[in-house]
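The next block holds one structure in the form of C-alpha cells; read it before the comments.
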Amino acid sequence: MASYNHKKIEKKWREAWQKSGVYKTSDALKGSKSYVLDMFPYPSGEGLHVGHPKGYFASDIYSRFKRMNGYAVLRPMGWDAFGLPAENFAIKNKIHPRVAVEKNIKRFKEQLSLLGFNYDWEREINTTDPEYYRWTQWIFLKLFEKGLAYESHEPINWCPSCKTGLANEDLEDGKCERCGSVVEKRPLRQWVLRITDYAERLLEDLDGLNWPESIKESQRNWIGRSEGAEIDFKIKETDLKIKVFTTRADTLFGATYVALSPEHELLEELKPEIKNWKEVEKYIEESKNKTEIERTAENKEKTGVELRGVKAINPANGEELPVFIADYVLAHYGTGATMAVPAHDERDWAFAKKFKLPVKQVICQFYPDPKCPVLDEAYIGDGKLVGSGKFNGMEAEKAKRAVTEFVGGKITVKYKLRDWVFSRQRYWGEPIPLIHCDNCGVVAVPESYLPVKLPEVKSYEPTGTGESPLAGIAEWVNVKCPKCGGEGKRETNTMPQWAGSSWYYLRYIDPKNNKALVDKKKEKYWSPVDVYVGGAEHATRHLIYARFWHKFLYDLGVVNYKEPFLRLQNVGLITAKDGKKMSKRYGNVVNPDDIVEAYGADTLRVYEMFMGPFDQTVAWSSESIIGARRFLEKAWRLQDKLIGADSGENTKKLLHKTIQKVSSDIDGFRFNTAISQLMILTNSMDEQKELSREVYGLFIKILAPFAPHMSEELWEQLGNKTSIHLEKWPEHDPKLIKEEVYELVIQINGKVRNKAEVATDLSEEDLHEFALKQSRVRELLAGQSPKKVIVVRGRLVNIVI
RNA sequence: GCCCGGAUGGUGAAAUUGGUAGACACGAGGGACUUAAAAUCCCUUGGCCGCAAGGUCAUGCCGGUUCGAGUCCGGCUCCGGGCACCA
C-alpha cells in the first residue's frame, strides 16, 4: 500500500470530477428534491480565510448525503457582488469595481476549487450580471406598479463617509454598519419600499419555519409588534385634534400632559395658537440638528418645551392638559404623539419630575384597599383601576379595551419596523429602472427595455452631493419618456447591496409557474430552499428582505409557497486563535490554500466539522488539526487488513451502529459527533487483524461526504469503476444493532457500587433479584434489608437503604 | 431595562433529554522503535486521600424537587447575541 499522498489524490479527483461532471444537477431526476443553498459570499479583495468555507463544508456534506439517499440535489454557488464592500475596495485600489469583482471572483473560485465541493458550476450566479439584474429590476418595477415602491423626501440616515443614504437595517448603534461613521439625518429624495405592509405576515409566518429560535426572535424584535389604541385629544377652542398612540389606554384617566415629536405636522397648524413660538421653533431646530445617537443617548435628561396657549382635552374626563414638544417622542413611531401618564411610565415620570407636572395614579395593585402607597417611581405593573370614574376596580388588562371604546378610540397595531430606504447615491448597484418626465411624472422603463445597464463611467467615486455618480453622465441620463416621447431623465440612484441577494435563490424555478423569472436552463421546480446555510449576522438584514420580496412574489403569483427558506442552519464563526475575527487588519488570517497544501482538503473538512457544534464560534487551532489528519491516515491504512472474508460480529455491529448515528447526525447538522463516531469505528477496526471488503466498502461510503477525495480513491482501489458519490447510502440493519448483553449499574443510595454484565431480556424482577445476589452488594448491605429498590431496565438498579 | 442563548478537565468538547459525568480529539507526562530526530505504537492524564482495594469531592453560585439532577423548579453571578426614550 502506498502511503496517503493527499496532493496526488486530491489533484487526481479534482480533475476527474470536473471531466466526468459527476455533480451536475440532473433535470430528469425522479423522487424528492433537495435544494441546499449557501448564502452567497461577497467576493472581497482579501480572499478566503479558513472560516469562510465552514458553512460550505456543512452544506456539502449534507447535500452529498442527500444525493446518496436518492434525492435530486440542487446545489449552486454564486456571488453577491454589488454594493459598498466591493465598491469601496475598488476605490481604494483604484480599479473599476467591475474589474475588481471579476478578479476577486476568480480568486475565490480558485480557492474554493481546492476544497472538494460538489457545486454545479454550470449554475453559477453573479448578481452583477445584466442578465441577472434585469430580473432584480423587474421585481422593482412590479413593486412600483403595485404601489409598494414610493418616492419620499423624508430625512433619512446619511453616512458622511460612504456618502450615501442608508436603510434602518444598515445601522449599528446609530453608526454606519460598513464604516462605523456616525450617521446624520439628511432630507433626501429617496425610493422607499413598503416593507411595513408585510410586517404582520413576516411576523406570523416565522412560527412555521424550521429556523434557529434565536434568529426568529431577532426578527420578532426587529419587527416589534405592539397592540394598542389610537385616541384623539381635541385641542381647546380649535377644530384640531391630536391623535396619540398608546398601549396603556387603561391609564387614560392618569394622563397629565400630551407630548408631540418636534417633527409633528400639527405644529404648523397650531402655530397661530402658540404664544411662545420663538422658543418652540428654536427647540425644533435644535432637535433637527442632533444625530440619532445624541437624541437617544441612554439616561439622557429629558428636554422639551410647552406649547403655551394650547390645551388638549382628555376625552375620558374632560380635563385640560398642557401640550409639549419633546424629542423623546419619536416622529416615526405610532402617531408621533403620546399621552403622558407619569404615574405609569418611566419616561413620562422623568419628564414630569423635571417640568414639575402632576403625577396621577390610576392603577393600584392593592385595590380595593384605598391606601395605595405613594409612588416614588413609575409603577408599570398590574393592578386595578382607581381614580378612573366608572372603571374603578376593573383589571388593567381588561380596561384597555373598555376605556378605548368609551372614548371612541381605535384598537390598532404598530410596528417598529420601518419602510426600506432603497436608493443609494453610489455607482456600484443596479440602476433603478424609472424615468422622470416633466409631463408624465415618474414612468417605469418598459419591461422589454430591461435590463437598464449600468453605464461605463469615468469617475465612479461618490459625489457626496446626494446625487449618484450616474447623474453626471448626460448621454445616459437623458432619454425619451416611454409614455409621451418627450424629454425624460433616468433615475440615477442605484439599489442597495441587499437587492440582488433578496431573490438569488429563485434563479432556479419552473418556467411553467412563472414566465418572468425564466432561468437560462430549463428547470424542475426546485424552490423553496430546503436548507439554507449561513451566518447569524444576516438575521435582520438579508433574511428579512428576502422574506419580504418572496411574499411579494407570492402575491404576484410568481411562487406558490409563502416562505423562501424552510430550514435555516447558522454557521458559527471561526476566529483566529487569539479569539479575534480573522482579518488582514490584524494579520491573523489563516489561508485555506496553505492548509490544503500541508494536510489536504479532506483533513481541513474533517477538522472544521469536528471542531465543535456547527453553530458555535470556535477558535482556529493549528495544533488540533493533526487529529483529523491522523484519523484519515488510519482509515487509509485499513486497506492492509483486507485479507479476510469476515470482519467478525463485533465490527459489523459497530459499523451498523455507526451508519445509524452518522445518518441521523448529518441530518441534524451534528457533524462533530458524526466524526467522533467514525473515529470510534476506525479505532476499533484498526485493532482487528482483518476486515472484509464488504465492511470496508460500507465504511468508506459513510466517510465519503466528509472526505470525498480519499474515499473516492479507496473506492476505486476496491475495484469500482463508478463514483462513490453516486452510490446508495448504506442502511443500518436493526437486527445487527440489537445487543444481547449490557453492563448493568448497581447503585446503593444513588452511588455506583458495582457493575455486571446481564442479558438484555432480563425482566425487572430478574434484575432486582440479580442485583441483591451480588457478593459486593451483600457485603455493603451487611445484613440490612433495603428500603426500596428501583430498577430501570437496560440501565441500572438503585438500592435504597 | 426587555427578549433569546450559554457556562462541564490544561484545551475543543460528549452525555440516548431525569439514570455510570468527561465519549472523541488536541495538549501534557512516561515508555517502545531509532545512532538520533520525525512518524508510528503502547501506558497515564478532573481534584484530593490511599502502597493498593477503594473512598471522597466535582458540570458558574445558593437553595429546592427526586431513589437518583450537567439535565427539572426558584433565586443569583458572569459571558455572548437581539431590541431599546418604540409610548
Side-chain angles (χ1 to χ4, degrees), chain A residues 3 173 212-226 228-229 244-249 251 259 261 295-303 326-330 332-341 344-348 350-351 380 414-418 536-537 539-540 577 606-607 610-613 615-628 630-631 633-634 637 661 664 670 672-683 686 743-755 786-801:
Chain A
S3 69
D173 298 322
E213 206 42 54
S214 60
I215 301 284
K216 293 205 233 178
E217 203 52 35
S218 292
Q219 291 209 352
R220 288 190 191 107
N221 284 338
W222 188 257
I223 294 165
R225 182 185 201 274
S226 50
V244 308
F245 174 71
T246 180
T247 55
R248 295 296 307 271
T251 64
S261 70
R295 263 180 78 158
T296 61
E298 225 180 329
N299 300 327
K300 200 201 82 169
E301 190 153 327
K302 297 275 179 290
T303 62
D327 68 3
Y328 81 91
V329 181
L330 305 172
H332 52 73
Y333 183 75
T335 59
T338 67
M339 65 177 213
V341 185
H344 305 295
D345 182 281
E346 283 170 14
R347 294 150 303 182
D348 299 345
F351 192 88
I380 47 176
K414 299 286 179 194
Y415 304 91
K416 288 190 220 170
L417 184 70
R418 292 203 238 165
E537 69 276 12
T540 56
K577 59 173 180 289
V606 169
Y607 173 58
F610 184 65
M611 286 174 92
D615 57 1
Q616 200 169 292
T617 300
V618 259
W620 177 263
S621 162
S622 41
E623 266 174 356
S624 305
I625 191 170
I626 191 68
R630 283 182 194 145
F631 159 64
E633 279 180 8
K634 201 177 274 184
R637 283 197 309 268
K661 178 147 179 67
S664 69
R670 295 181 297 267
N672 55 332
T673 49
I675 291 168
S676 146
Q677 183 64 35
L678 286 167
M679 285 171 168
I680 291 169
L681 175 64
T682 307
N683 290 342
D686 190 46
E743 193 182 50
L744 179 76
V745 166
I746 301 168
Q747 300 181 327
I748 293 176
N749 287 341
K751 288 191 170 120
V752 182
R753 283 296 119 102
N754 202 9
K755 293 173 191 178
K787 253 194 244 160
K788 199 172 170 185
V789 178
I790 285 123
V791 181
V792 183
R793 274 193 72 195
R795 296 248 164 257
L796 54 76
V797 175
N798 187 12
I799 302 162
V800 186
I801 52 174

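Every chain is numbered from 1 and lettered A, B, ... according to where its sequence line falls, protein lines coming before strand lines.
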With sequence neighbours excluded, residues passing side chain to side chain donor-acceptor pair (under 3.5 Å) with [X]:
| X | answer |
| --- | --- |
| A/Lys216 | none |
| A/Asn798 | none |
| A/Lys634 | A/Asn683 |
| A/Ser624 | A/Ser621 |

Quiz prompt | Check against side-chain contact (heavy atoms from CB on, under 4.5 Å), A/Val752 and A/Gln747 | solution = CA-CA 4 Å; A/Val752 182; A/Gln747 300 181 327; 4.2 Å; yes
Quiz item: Is the glycosidic torsion of B/G27 within 90° of 0, making it syn, or is it anti?
Solution: anti
Could you please name the option among [options] that lies closest to any side-chain atom of [X]?
| X | options | value |
| --- | --- | --- |
| A/Thr540 | B/C83, B/A25, B/G19 | B/C83 |
| A/Asp345 | B/C3, B/A87, B/G19 | B/A87 |
| A/Met679 | B/C3, B/C24, B/C83 | B/C24 |
| A/Ser218 | B/G82, B/A23, B/C4 | B/G82 |

Do any N or O atoms of the protein come closer than 3.5 Å to N or O atoms of nucleotides 28-31 of chain B, and which pairs are they?
none

Specify the separation, in whole Å, of atom [atom1] of [X] and atom [atom2] of [N].
| X | N | atom1 | atom2 | value |
| --- | --- | --- | --- | --- |
| A/Ile680 | B/U16 | CD1 | C1' | 14 Å |
| A/Lys216 | B/G81 | NZ | P | 23 Å |
| A/Gln219 | B/C3 | CD | C1' | 15 Å |
| A/Asn221 | B/C3 | CG | C1' | 5 Å |
| A/His344 | B/C85 | NE2 | C1' | 19 Å |
| A/Ile223 | B/C3 | CD1 | P | 19 Å |
| A/Phe351 | B/A87 | CZ | C1' | 14 Å |
| A/Arg670 | B/U17 | CZ | C1' | 12 Å |

Self-check item: Residues forming a ring pair (Phe, Tyr, Trp, His ring centres under 6.0 Å) with A/Phe610, sequence neighbours excluded
Solution: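 By the ring pair (Phe, Tyr, Trp, His ring centres under 6.0 Å) rule, A/Phe610 matches no residue at all.
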Practice problem: For A/Tyr415, check ring pair (Phe, Tyr, Trp, His ring centres under 6.0 Å) against everything at least two apart and list the hits. | Solution: none
Quiz item: If you take atom types as modelled and just measure distance, does the side chain of A/Lys302 reach the base of B/C85 with a donor-acceptor pair under 3.5 Å?
Solution: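 Answer is yes: a donor-acceptor pair is held.
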So [X], base contact, sugar-phosphate only, or nothing? Heavy-atom distance under 4.0 Å.
| X | result |
| --- | --- |
| A/Glu743 | base |
| A/Val329 | base |
| A/Ser226 | sugar-phosphate |
| A/Thr338 | base |

First locate atom [atom1] of [X], then atom [atom2] of [Y], and finally report the distance between them rounded to the nearest 0.5 Å.
| X | Y | atom1 | atom2 | value |
| --- | --- | --- | --- | --- |
| A/Thr540 | A/Ile223 | OG1 | CD1 | 10.0 Å |
| A/Arg795 | A/Glu743 | CZ | CD | 11.5 Å |
| A/Leu681 | A/Asp686 | CG | CG | 11.0 Å |
| A/Ile799 | A/Ile746 | CD1 | CD1 | 6.5 Å |
| A/Ser3 | A/Glu633 | OG | CD | 8.0 Å |
| A/Tyr328 | A/Asp348 | OH | CG | 4.0 Å |

Quiz item: Name the stems with RNA chain B in them: runs of three or more consecutive Watson-Crick or G-U pairs, distances under 3.5 Å?
Solution: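 Counting only runs of 3 or more consecutive pairs, the stems involving RNA chain B are B:1-7 with B:77-83, B:10-12 with B:24-26, B:27-32 with B:40-45, B:46-49 with B:54-57, B:60-64 with B:72-76.
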If we take the [atom1] atom in both [N] and [M], what is their distance in whole Å?
| N | M | atom1 | answer |
| --- | --- | --- | --- |
| B/G80 | B/U8 | P | 15 Å |
| B/G5 | B/G18 | C1' | 23 Å |
| B/C4 | B/A53 | P | 50 Å |
| B/C26 | B/A32 | P | 22 Å |
| B/U11 | B/G27 | C1' | 7 Å |

Give each protein N/O atom lying under 3.5 Å from an N/O atom of nucleotides 10-14 of chain B, with the pair distance.
residue	atom	partner	partner atom	Å
B/G12	O2'	A/Met611	O	2.3
B/A13	OP1	A/Gln616	NE2	2.2
B/A14	OP1	A/Asn672	ND2	3.0

Quiz item: Strictly by modelled atom types, are A/Tyr333 and A/Thr338 linked by a side-chain donor-acceptor pair under 3.5 Å?
Solution: no
Exercise. State, without any angle test, whether A/His332 and A/Arg418 hold a side-chain donor-acceptor pair at a distance under 3.5 Å.
Key: yes
For [X] and [Y], work out which heavy atoms get closest and say how close.
| X | Y | result |
| --- | --- | --- |
| A/Lys302 | A/Ala350 | CG-CB, 4.1 Å |
| A/Ala326 | A/Phe351 | CB-CE1, 3.8 Å |
| A/Val329 | A/Gly336 | CG1-O, 3.5 Å |
| A/Met339 | A/Thr246 | CE-OG1, 3.8 Å |
| A/Gln677 | A/Lys661 | OE1-CD, 3.7 Å |

Quiz item: Is any side-chain nitrogen or oxygen of A/Tyr333 closer than 4.0 Å to OP1 or OP2 of B/A87?
Solution: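 For B/A87, OP1 or OP2 has a side-chain N or O of A/Tyr333 closer than 4.0 Å.
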Quiz item: Would you say A/Asn683 reaches B/A23's phosphate, i.e. side-chain N/O to OP1/OP2 under 4.0 Å?
Solution: no
Close N or O pairs between protein and nucleotides 66-73 of chain B (under 3.5 Å):
residue	atom	partner	partner atom	Å
B/C67	OP1	A/Lys788	NZ	3.3
B/C67	O2'	A/Asn798	ND2	3.4
B/C67	O2	A/Asn798	ND2	2.6

Practice problem: Can you check each nucleotide of nucleotides 38-46 of chain B against protein heavy atoms at under 4.0 Å and return B for base, S for sugar-phosphate only, - for none, in 5' to 3' order? | Solution: --SS-----
Quiz item: When you check the gap from the basic side-chain N to the acidic O, do A/Arg220 and A/Glu217 get nearer than 4.0 Å?
Solution: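 Yes, this pair counts.
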For nucleotides 54-58 of chain B, which of its nitrogen or oxygen atoms have a protein nitrogen or oxygen under 3.5 Å away, and what is each distance?
residue	atom	partner	partner atom	Å
B/G55	OP1	A/Arg753	NE	3.3
B/G55	OP1	A/Arg776	NH2	3.2
B/U56	OP2	A/Arg753	NH2	2.9

